[in-house]
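Below: one structure, written as structure tokens.
Lettering follows sequence order; numbering is per chain, from 1. Computation of the quantities below employed the complete heavy-atom set of this structure, encompassing side-chain atoms and omitting hydrogens, waters and symmetry-equivalent molecules.
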Number of protein chains: 2
Amino acid sequence: MRELPLVECCRPISGPALSPEAAAELEQLFKALADRHRLQILNCLLQADGESVCVCDLEPLLGVKQPTVSHHLKQLVEAGLLEREKRGTYAYYRLRLGAIERIGDLLATPVITRAS
Amino acid sequence: MRELPLVECCRPISGPALSPEAAAELEQLFKALADRHRLQILNCLLQADGESVCVCDLEPLLGVKQPTVSHHLKQLVEAGLLEREKRGTYAYYRLRLGAIERIGDLLATPVITRAS
DNA sequence: CCATGGTATCGATGGACGTCGATGTGATCT
DNA sequence: AGATCACATCGACGTCCATCGATACCATGG
């Protein structure tokens, strides 16, 4: 039979544990970041200093075909990280303000870390 | 034929663009975070305030079977986020110092963001 | 030394995801 | 209007991954 272990295990999870719903939400955000091509897109947009970038320029940078680029851009938009703007036949994408900072905040605040 | 677009697109990518290798490395880290159960494990360990937690206590918390818990813990160890310590028949896991902070740093430093 | 209990590993299965050719859509130009 | 170009969507294919039952491993207890 089990008695008290050497160290107190995961206490009754007092306080604001990460709820399954909140965990699923965070999961979605990190999934959007968990792809090398999407990371390169974000890096490119960050270097663009807030300016917009069109799809045609990302294709040679990433080394994938155009449908794949569009696919990744859509993922990032749906994750709330990018904004889309159409000018003529071109589609321009830019970072949503504070998107990256929001991620950093999530790691530094009670959402994932302890309560205090 | 293409002429100059309305806004200068992704400039010749001057400076420290995220290399494919660096992007792949970052991808691995975010993949480790892109799962609700692994996020709950991290949250639990953060609440444990640096103390260790054994597998048996995570099983009911996550609502998955023991092999699945071990699988996720292994993922987190391989990602460099957790450390494993065996005491008797129990296996205890704890956060590697500065693991979470390192993630935050990645988002705030030139690795992903612009050079300056 | 055998039984037991906690964990790790293996193998199979079902679902999610990245990729790209083909096609659709909408705007620009002649 | 027809042609062309940029981009989005669709459908299919291959691969990766989370999950869990079965089993192996290992330390402890009787």
Supply the atom-to-atom distance B:Leu42 CG to B:Ile100 CD1, rounded to the nearest 0.5 angstrom.
-> 5.0 Å
Euclidean distance, atom OH of residue A:Tyr90 to atom C1' of C:dT25 [Å, nearest integer] | 17 Å
Rounded to 10°, the angle between the first-five-pair and last-five-pair axes of the helix from C:dC1-D:dG30 to C:dT30-D:dA1 is 10°
Ignoring hydrogens and angles, tell me if any N or O in the side chain of B:Glu27 forms a donor-acceptor pair with the backbone of A:Asp35 under 3.5 Å.
-> no
In Å and rounded to the nearest 0.5 Å, what is the CG to CG distance from B:Leu33 to B:Leu39?
-> 6.0 Å
Which one, D:dC7, C:dA27, C:dA8, comes nearest to the side chain of A:Ala91?
-> D:dC7
d(CZ, A:Arg87; C1', C:dG26) in whole Å = 18 Å
Nucleic acid footprint by protein, nucleotides 9-22 of chain D - heavy-atom cut-off 4.0 Å, B for base, S for sugar-phosphate alone | B-------SSBBBB
Roughly how many Å is it from CD1 in A:Ile41 to P in C:dG18, rounded to a whole number?
-> 11 Å
Answer yes or no for A:Arg84 and A:Tyr92: cation-pi contact, defined as NZ/CZ to six-membered ring centre under 6.0 Å and angle to ring axis within 45°.
-> no
Atom pair distance, as rounded to whole Å: NZ in B:Lys86 and C1' in C:dT9 | 13 Å
Look up atom CZ in B:Arg96 and atom CD in B:Glu83, then write down how far apart they are to the nearest 0.5 Å.
-> 5.5 Å
Short side-chain N/O contact to D:dA8 OP1/OP2 from A:Tyr93, under 4.0 Å = yes
To the nearest 0.5 Å, what is the distance between CG (A:Leu81) and CD1 (A:Ile103)?
-> 5.0 Å
Would you say D:dC7 has OP1 or OP2 under 4.0 Å from some side-chain N or O of A:Arg84?
-> no
Over how many whole Å does the gap from B:Tyr92 atom OH to D:dA27 atom P extend?
-> 16 Å
Can you tell me how far CD1 of B:Ile41 sits from CG of B:Leu45, rounded to the nearest 0.5 angstrom?
-> 7.5 Å
To the nearest Å, how far apart are A:Glu59 CD and C:dC20 P?
-> 9 Å
Report all side-chain donor-acceptor pairs from residues 58-80 of chain A shorter than 3.5 Å, counting only partners two or more places apart or in another chain.
residue : atom : partner : partner atom : Å
A:Gln66 : NE2  : A:Ser70 : OG           : 3.4
A:His72 : ND1  : A:Arg38 : NH1          : 3.0

C:dA27 P sits how many Å from A:Glu85 CD, rounded?
-> 15 Å
Would you mind reading off the distance between A:Glu78 atom CD and C:dA16 atom P, rounded to a whole angstrom?
-> 15 Å
Nearest 0.5 Å, what's the NZ-OH distance between B:Lys86 and B:Tyr93?
-> 9.0 Å
